[in-house]
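Here the structure is laid out as structure tokens; the discussion comes afterwards.
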Amino acid sequence: MERQYRLKKNRAFQYVYRRGQSAACRDLVMLHAKGRELKVGFSVSKKVGNAVTRNRIKRRLRECFRPCLGDVKTGLYVIVARPSAAKATFQSLKKDVRYLLKKQGALKEGNRAE
RNA sequence: CGAGGUGAACAGGCGAUCGCGUGGCCUGAAAGGGUCAUGAGGAAAGUCCGGGCACCACAGAGCAAGGGUGCCGGCUAACGGCCGGCGGAGGCGACUCCAGGGAGAGUGCAACAGAAAGAAACCGCCCGCUUUCCGCAGGGAAGGCAGGUAAGGAUGGAAAGGCGAGGUAAGAGCUCACCCGCGGGACUGGUAACUUUCCCGCGCUGUAAACCCCACCCGGUGCAAGACGCAGGAGGCCAGUCGGUUGCUCGCCGCAGCCCUCCGGGAUCGCUUGAGCCAUUCGGUAACGAAUGGCCUGGAUAGAUGAUCGCCCCAUACAGAACCCGGCUUACGGUCACACUCGCAUA
RNA sequence: GGCCCCGUGGUCAAGAGGCCUAAGACAUCGCCCUUUCACGGCGGUAACUCGGGUUCGAAUCCCGACGGGGUCA
């Protein structure tokens, strides 16, 4: 279920980086490009930390995004973690993701379930 | 009680809700859904060694180049690893550490200092000859010349065995006793390295993580290897100065096609049962080996283990498999054991 | 994931066992020159990535860490 909403190819990431609109906060950067499907990708560079730290951030971000899947408009999203995200708690990451989605205007109006 | 030494296992657990990968089963035309299992480490790390495996010819032969290892015996698939021993170094000790062959093959280097850095005469000491001076004389003093001499001297990391006695003009392993070191031989013990005792000879600087010599080992590339399959584009090569294959020689194979190279695309296999893990017994000081019984224990591909809550004393450091094993090294948390050591106190 | 290379002042760099108390250039600081600035001249500050080992002696040789970079689909 999760996997089909995942952004995979490097070319797709490059497309979003080139065409997407960005919004940022202290720990995260979100890029958004329009599209027919809903795809989400996560990018955590080596500057953030070692393999354990990066994996933990990616897992947390996936978990943050999961409850929002039904409320989000279609399109390509890339969430980039900044180095300070290594110290952030799950709660603050969750708040940041919601805030950024709102800022992008990506949330659907009303609660139409999928 | 304090300070150490050695060794061992562990790497939070349980419950609840939501979520993810893989496998089996059920359901479904399919997409999918349900259910049951299972799901990161001692270092998964660094990539420093050794293998398996794959391709290069069934990976071959010789020489060279290059690289590695280096006390002895054993273990191992193999190793630069491990175990036991020997020698040396450190520590009061338990114990720890050591690239630990050869400098009686050759070459090089040893700055500065010092007379001199491999076999040395600057100062000093001494015999002889000689000049001058002093003295009645024996003789003495100063200088010169030619020799002898490594006992003493500032230097240096290192100065030509140490100390004592004899000896001498002065001295000197020149001779002797004791000690130290090296080489050879015999002997004791040991598979061996080595060692005990004795005899003979010698007194030779250090450096091989300088070149080198000796002994032994090593073909190359690495799962982004490669296999299968799809089929598109560009280029190359016709028998020798060709390619496969770092040099040479040999040998083998290929050469107008079922070939080679490059670019583009796909992600089926390789992909997890293995020098496997656990228990018991036996052999061995040990590393390890053997027998019997039991177990199946990740396989992802933007890359699966998370989030929240409660309890257990507050609870956790270093850290994430990417073909697979055996080591080494590095990072790191608390715990336990010892008829292991030292010190203090008490009995 | 594999393979390969490199670490010397703030930057670019030479040095390859002793002459290193580490060359040089740019930058920086002070002084001189100039009415002033620039140019120029003189002088100063400032470095061998870290930890062990070999050696009498290590930036240099060996081992191990750490950091940086390249390359392979």
Side-chain angles (χ1 to χ4, degrees):
Chain A
M1 180 167 184
E2 170 84 358
R3 184 139 292 183
Q4 59 178 311
Y5 297 117
R6 202 73 65 71
L7 196 57
K8 291 180 178 177
K9 287 289 174 187
N10 190 30
R11 295 189 143 226
F13 273 82
Q14 295 300 328
Y15 176 80
V16 175
Y17 285 140
R18 235 183 12 254
R19 298 287 178 81
Q21 303 225 327
S22 71
C25 64
R26 194 165 56 84
D27 296 332
L28 301 173
V29 176
M30 180 182 284
L31 292 112
H32 167 66
K34 288 179 183 169
R36 257 171 278 151
E37 297 177 299
L38 176 57
K39 295 273 189 188
V40 186
F42 302 95
S43 171
V44 185
S45 88
K46 271 195 174 175
K47 284 180 186 171
V48 176
N50 57 24
V52 174
T53 314
R54 282 175 308 191
N55 271 339
R56 189 166 54 230
I57 290 170
K58 277 189 277 187
R59 281 190 210 112
R60 282 180 170 171
L61 287 177
R62 276 201 300 272
E63 183 63 23
C64 291
F65 208 93
R66 197 174 55 80
C68 308
L69 272 174
D71 304 331
V72 170
K73 291 181 185 169
T74 59
L76 306 178
Y77 297 87
V78 172
I79 297 178
V80 180
R82 288 178 162 175
S84 58
K87 291 174 199 158
T89 62
F90 177 75
Q91 298 298 340
S92 79
L93 284 177
K94 197 168 181 179
K95 258 164 63 185
D96 286 344
V97 168
R98 282 214 157 263
Y99 166 75
L100 290 173
L101 282 172
K102 222 185 211 173
K103 203 174 174 185
Q104 290 272 18
L107 291 172
K108 290 177 184 170
E109 283 134 48
N111 307 7
R112 269 174 295 158
E114 271 266 312

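Computed over heavy atoms, backbone and side chain alike; hydrogens, waters and symmetry mates excluded. Proteins get letters first, then strands, A, B, ... in listed order; numbering begins at 1 in each.
- A glycosidic torsion no more than 90° from 0 defines the syn conformation; G219(B) lies beyond that range and is anti.
- Applying the Watson-Crick and G-U wobble criteria (two distances, each under 3.5 Å), A279(B) pairs with U292(B).
- Nucleotide A302(B) holds its C1' atom 14 Å from the CD1 atom of Ile79(A), rounded to whole Å.
- Classification of U268(B) as anti follows from a glycosidic angle more than 90° from 0.
- The list of ring pair (Phe, Tyr, Trp, His ring centres under 6.0 Å) pairs with a residue in residues 78-101 of chain A, not counting sequence neighbours, is empty.
- Across the strands present, C318(B) finds its partner in G41(B); the criterion is a Watson-Crick or G-U wobble pair with both atom distances under 3.5 angstrom.
- Under a 4.0 Å N-O distance rule, the pair Glu63(A)/Arg60(A) does not qualify as a salt bridge.
- Going from the P atom of A321(B) to that of A224(B) covers 16 Å, rounded to whole Å.
- Using C1' as the reference atom, C79(B) and A300(B) are 33 Å apart when rounded to the nearest Å.
- Base pairing of C328(B) is made with G46(B), judged by Watson-Crick or G-U wobble geometry with both donor-acceptor distances under 3.5 Å.
- Here G104(B) is in the syn range [glycosidic angle within 90° of 0].
- Among pairs with a residue in residues 43-63 of chain A, none fulfils ring pair (Phe, Tyr, Trp, His ring centres under 6.0 Å), at least two apart in sequence or across chains.
- Remark: A22(C) base-pairs with no nucleotide; criterion is Watson-Crick or G-U wobble with both hydrogen-bond distances under 3.5 Å.
- Comparing the same atom, P, in C125(B) and in G153(B) gives a spacing of 15 Å after rounding to whole Å.
- Following rounding to the nearest Å, Arg62(A) (CZ) and U305(B) (C1') show an atom-to-atom distance of 10 Å.
- C10(B) and G334(B) have their C1' atoms separated by 10 Å, given to the nearest Å.
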Determine all donor-acceptor pairs shorter than 3.5 Å in which one atom belongs to a side chain in residues 52-59 of chain A; sequence neighbours excluded.
| residue | atom | partner | partner atom | Å |
| --- | --- | --- | --- | --- |
| Thr53(A) | OG1 | Asn50(A) | OD1 | 2.8 |
| Arg54(A) | NE | Asn50(A) | O | 3.4 |

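- Within the 4.5 Å cutoff, side-chain heavy atoms of Leu101(A) are placed close to those of Met30(A).
- Of the side-chain N and O atoms in Arg54(A), none sit less than 4.0 angstrom from OP1 or OP2 of A319(B).
- With sequence neighbours left out, Asp27(A) forms a side chain to side chain donor-acceptor pair (under 3.5 Å) with Ser84(A).
- Separating the CG atom of Asn55(A) from the C1' atom of A44(B) is a distance of 12 Å, rounded to the nearest angstrom.
- You'll find the side chain of Leu28(A) reaches within 4.5 Å of the side chain of Leu61(A), heavy atoms only.
- Base orientation for G310(B): anti, the chi torsion being more than 90° from 0.
- Syn is the glycosidic conformation of A40(B), whose angle stays within 90° of 0.
- Pair check for A46(C) finds none; no Watson-Crick or G-U wobble contact set falls under 3.5 Å.
- Between U55(C) and G102(B), the distance separating the two P atoms is 14 Å to the nearest Å.
- Using the Watson-Crick or G-U wobble rule with both distances under 3.5 Å, G32(B) pairs with U27(B).
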Tabulate atom names and distances for all N/O pairs under 3.5 angstrom spanning the protein and nucleotides 306-310 of chain B.
| residue | atom | partner | partner atom | Å |
| --- | --- | --- | --- | --- |
| A307(B) | OP1 | Arg60(A) | NE | 3.3 |
| A307(B) | OP1 | Arg60(A) | NH2 | 3.1 |

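- Comparing G66(B) with A158(B), their P atoms are spaced 39 Å from each other, to the whole Å.
- With C1' as the reference atom, A150(B) and G203(B) are 15 Å apart, rounded to whole Å.
- Along RNA chain B, the nucleotide nearest Lys58(A) and the nucleotide nearest Ala51(A) are compared for position; the residue whose nucleotide lies closer to the 5' end is Lys58(A).
- Atom CZ of Arg98(A) sits in a sparse spot, with 12 or fewer heavy atoms from other residues, nucleotides or ligands closer than 6.0 Å.
- Both Thr53(A) and Ser43(A) sit near RNA chain B, but only Ser43(A) has its closest nucleotide nearer the 5' end.
- The same atom, C1', is picked in U21(C) and in C202(B); the two are 48 Å apart, to the nearest Å.
- Note that the NZ atom of Lys94(A) and the CZ atom of Arg66(A) stand 8.5 Å from one another [nearest 0.5 Å].
- Nucleotide G108(B) forms a pair with U207(B), judged by Watson-Crick or G-U wobble geometry with both contacts under 3.5 Å.
- Nucleotide C66(C) forms a pair with G7(C), judged by Watson-Crick or G-U wobble geometry with both contacts under 3.5 Å.
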